[in-house]
Amino acid sequence: MNPLKRIKTLAISNCKSLLYSSSSSSHHFQNPSSPSKSHLYSSFFCTLIQTFLSCYRFTQALNSFLFMRSLGLNPTVHQWNHLLFRFNASGLVSEVPNVYSELIKCHQSSNLFARNVLIHAFCKMRMLDMALEVARDGEADVVSYNTVIWGFCDNGMVTSAVGFLSEMFKRGVGMNTISCNTLLKGLCDEGMLDESESLMNMFVCWGIGRDIVGFNTLLSGHCKLKAMDEAMGLVESMKGEGISPDVVTYNTLFHGFCRVGELDKAEGLMDVEKDGFGPNAITYTTFIGGYCKRKQLDKACLFYKEMVTSGILPDVVTYSALINGLCKSGQLLKGYSLFRRMEKMGITANHVSYSTIIDTLFKSGKPRELSIIQGEMVVRGIILDLVSHTILLDGLFKTGMVDEAEKVFKHISSLQFKPNHFTYTALIDGRCKAEDLKGAELALSEMQNRSICRTVVTYSSIICGYVRNGMLDMAVDIMNKMKDEHVFPNIVTYCTLMDGFFKMGKLEEALDLYEEMLKEGIDANKFIVDVLYNGLRKNGSMKKAETILRYMLEKGLPLDCVNYTSLMDGLFKQGKIEDAFKLELLMKNLVPDVIFYNVFINCHCLLGESGQAKSIFYEMKNMGLSPDNATYNILISAHCKEKKLDEALELFHEMNSTGLMPNAINYNTLVGGLSQHGNLTKAVDLLNEMAVAGFCPSPSTHRKVLLACSNLKRADSILQLHEQMVQMGLRPDRAVYNALIHVLCTLGMTQKATVVFKEMLGKGIAGDTMTFNALILGHCRSGHLDKAFDTYSQMLLVGVTPNIATYNSLLGGLSAAGRMEEVDRLLHEMQNKGLAPDGITYNILVSGHAKISDKKKSVLFYCEMVRNGFVPTIGTYNVLISNFANVGMMTPAKELLNELQKRGLSPNSSTYDILISGWSRLSNETEVKRLLKEMGEKGFVPAASTNRSIARFFARPGKKKQAQKLLSKMYNVKDG
DNA sequence: ATAGGGTTAG
């Protein structure tokens, strides 16, 4: 039985016997009959409490203490002091003041030891005022003051700490080496190396010599600043003073070399010196940790083996380092099983081991395992430190649990912790990713106010936040600010900003940054290559993109799957399909991931090869890769575009059945696709499902759904569906209102459109050109020209600039009403505003004048139109031709027919009708027969009016019937 | 009881 269990069993049986023994209960214990028995009980309780404390069973420890007090047991001063010490050392620091006051209740005499522990506890809780009060207000010795000095140093208040030396002198409390060494550490922690050396000299003057601990502290200070030459120099001067380096000295040096990545130097030193100093567990752990951080697990394992064969037992720190190494190199399972094996070996996991596992679980997205581990940690009563809390904060933000993360931050501040730059950086990064830029800015200024240093990661995080929100100016401001503070941008900073500039289409700025980065001596890595390649190609500089990529490949920069994915996308979209395929073969060395396959599938979809895309989809599944939401979305979207709606739906159901929950994008794609291709019923069903799932339609989906209503003449559904989509969370912005107004107007529902327009204005959203255009078009289509012109005037009045579409609507409306004089006037107005007619305008002008039989003007505009490079529609040609054909001018009609064919247009059914009627008018049987034949060959059927013309002009008395017979034989025309 | 070295976070 292990000691804990034994004591527990003992405790329970003792408590039971105490509580339920024959005679009258609690009274008996409050006044224990024999003093020796009382002594026995209290010493028993003290042991029990201390055992609980050493196993971090804080609740039980506290309950036992309270129970002991309630029984009126009174331990000796020695026992009390020891208890106090254990409370302070175990982590249950917050109870120290209470235990101390209980102690004072029992033993009023002065107790310097207890006071010093109390000072220490107050220091740990950052209650420096209280600590100082205890030290000043009564008996104090060098330990009391050293502890206070330590407390102030530990809170970054070195200057105040140095100040206590004179107070000690005044009170006649002698200083010792520990006073010196404590201050040394405080100064070193602030990077004040010069000051710490002067302090050391000062103490020497006072007759307090420097010792190995002081030297080691100084050495550690140099190592933390990565000043390894100075560190080595210090070891030499130490030897010069007759102090030989010890295991701590070497461990400090090894760690220093590990930190600067010179593990070989550390190892060399170890090989030469190890017989002299005797490596211990910390020595080996330093190397194991160093190699794990560099992901050289094989080397780490070698050290582990050497450690074990040397008979040095690995401890929880050693295992935590190894677990971290495994987890960080992607071997989560191995890391976790080592975590469990360590426990079986009797080494209890501490907050670091747990934090490592929790960090990994957060980052690899394993929520179930995460909650199990967290539960276990709570049950074991493991106390989290600032780092553990930061891990939680970061993990919660990264998994989108913003509120929980903010709670953790509040919790950190409410505990005795002072958030450091890691905490604040995680907070800033998290708030940026949650699009809370104001919050991020607030955190940054809080850091400044609290004088917490901002690192390159801090600034890069907020730069990333600005970039993601398109606020490049702010991002650049931060970049300048950091440079002013001598925090220099690193490759991540440059990468983020370059990416931002490229995404905003600001190619030059991005390339300038690249130049700057190279000038700063930072070499491009695979991330930079990806940003450059994608940025350049997506901004139309394919050649430059390829040049840079080729250069990087020649330089031997190892590219990864992500780079190849971009490359494949680039080659495909350039039409270099063969090369892209070759690339896929090249990839055989690298393992393609889901995203690579997604791009590959998408490329085939872009070529309209959904069949090919699907077979790659199967290949991917055979490779053991699970398609994700994006994979399905690419396929669903492609099938929708090819109007294969059933297959698209099938894919959607397949996704559901494999347990992949559809996301907002999936729903939007499918609802949009179904709407665009006429299946409004299914689209609406899905929209309802989407609402239940809590997703919001995109503005584009909104537009597609409404357009479908309009195309299917389902006017009644438009407003209702619009309302529904707004209920689902669609923000009714200007674009959304424009879509709604446009759809209502195309259906001629201008009154409803006007109501919507007013609602929009009521919400403070002003109409833009699109809004007014939709309304004007609506009024024109429904023949309310006056309203159309009222709207136009209103548009000009509120300062919205009309564009060519505005005028085309108005011109079209006037033209349809035959008001050609006004057309000409408006045309001039338009041209005066610097707007040139486009193809649509010309079609309106040509056909408008033709319709009122103004042959001269219509031909004039026709010539101008053609001269300006616009091709009239077949409809315009028809109006123009009929203008001539109707009055028997068949020569120009014929010429126009030739012209339209020269321009790549083909006559349609109406063209033939017009021409046949024209020739009939002239009784030209040959032409009529020829055209009828040609028309028939093209599968056109003459209109009833054409047949009547033929009949009218060809029918001589008695032959009308014959003509009709002929016609019906040729075309199966029932009636003439 | 107070001072130096190893593991975790952005």
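Just so you know, these numbers use all the heavy atoms, side chains as well, and skip hydrogens, waters and symmetry mates. A note on names: the letters A, B, ... follow the listed sequences, proteins ahead of strands, and every chain is numbered from 1.
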Can you measure A:Leu322 atom CG to B:dT8 atom P for me and round it to whole angstrom units? 11 Å
Heavy atoms under 4.0 Å, any strand shown: does A:His421 hit a base, just sugar-phosphate, or nothing? base
Should the side chain of A:Asn280 and the base of B:dG6 be counted as holding a donor-acceptor pair, with the cut-off at 3.5 Å? no
Working note: A:Arg454 + A:Gln448, criterion side-chain contact (heavy atoms from CB on, under 4.5 Å); need CA distance, chi angles, decisive distance, verdict. CA-CA 8 Å; A:Arg454 280 78 62 197; A:Gln448 251 158 322; 3.3 Å; yes
At 4.0 Å (heavy atoms only), tell me whether A:Asp189 reaches a base, stays on the sugar-phosphate, or touches nothing. nothing
Checking all strands, does A:Asp211 fall into the base, sugar-phosphate, or nothing category for heavy-atom contacts under 4.0 angstrom? base
How is A:Thr318 classified with respect to the nucleic acid when contacts are heavy atoms under 4.0 Å: base, sugar-phosphate, or nothing? base
Within the 4.0 Å heavy-atom criterion, would you say A:Ser460 contacts the bases, only the backbone, or no part of the nucleic acid? nothing
Taking atom types as they are modelled, is there a donor-acceptor pair under 3.5 Å from the base of B:dT8 to the side chain of A:Thr356? no
Look at the side chain of A:Thr286 and the base of B:dG6, then say whether one donor and one acceptor between them are separated by less than 3.5 Å. no
Counting only distance, no hydrogens or angles, is the base of B:dG5 paired donor-acceptor with the side chain of A:Asp246 under 3.5 Å? no
Quick check: any donor-acceptor pair below 3.5 Å linking the side-chain of A:Asn420 to the base of B:dA9? yes
Checking A:Tyr336 against A:Glu369 for the side chain to side chain donor-acceptor pair (under 3.5 Å) test, could you report, in this order, the C-alpha distance in whole Å, the side-chain angles of both residues, the deciding distance, and whether it holds? CA-CA 11 Å; A:Tyr336 185 71; A:Glu369 290 81 352; over 6 Å; no
Side chain of A:Lys224, backbone of A:Cys188: donor and acceptor closer than 3.5 Å? no
Should the ring pair A:Phe287 and A:Tyr291 be called parallel, tilted or perpendicular, given that the plane angle runs from 0 to 90° and is split at 30 and 60? parallel
Closest non-hydrogen atom pair, A:Tyr100 against A:Leu84: N-CD1, 3.7 Å
Under 4.0 Å, heavy atoms only, any strand: does A:Phe85 hit a base, just the sugar-phosphate, or nothing? sugar-phosphate
What nucleic acid atoms does A:Val148 come within less than 4.0 Å of, heavy atoms only: base, sugar-phosphate, or nothing? nothing
Mind checking if A:Thr217 touches a base, just sugar-phosphate, or nothing, with heavy atoms under 4.0 Å? sugar-phosphate
Is A:Ile212 touching bases, backbone alone, or none of the nucleic acid, heavy atoms closer than 4.0 Å? base
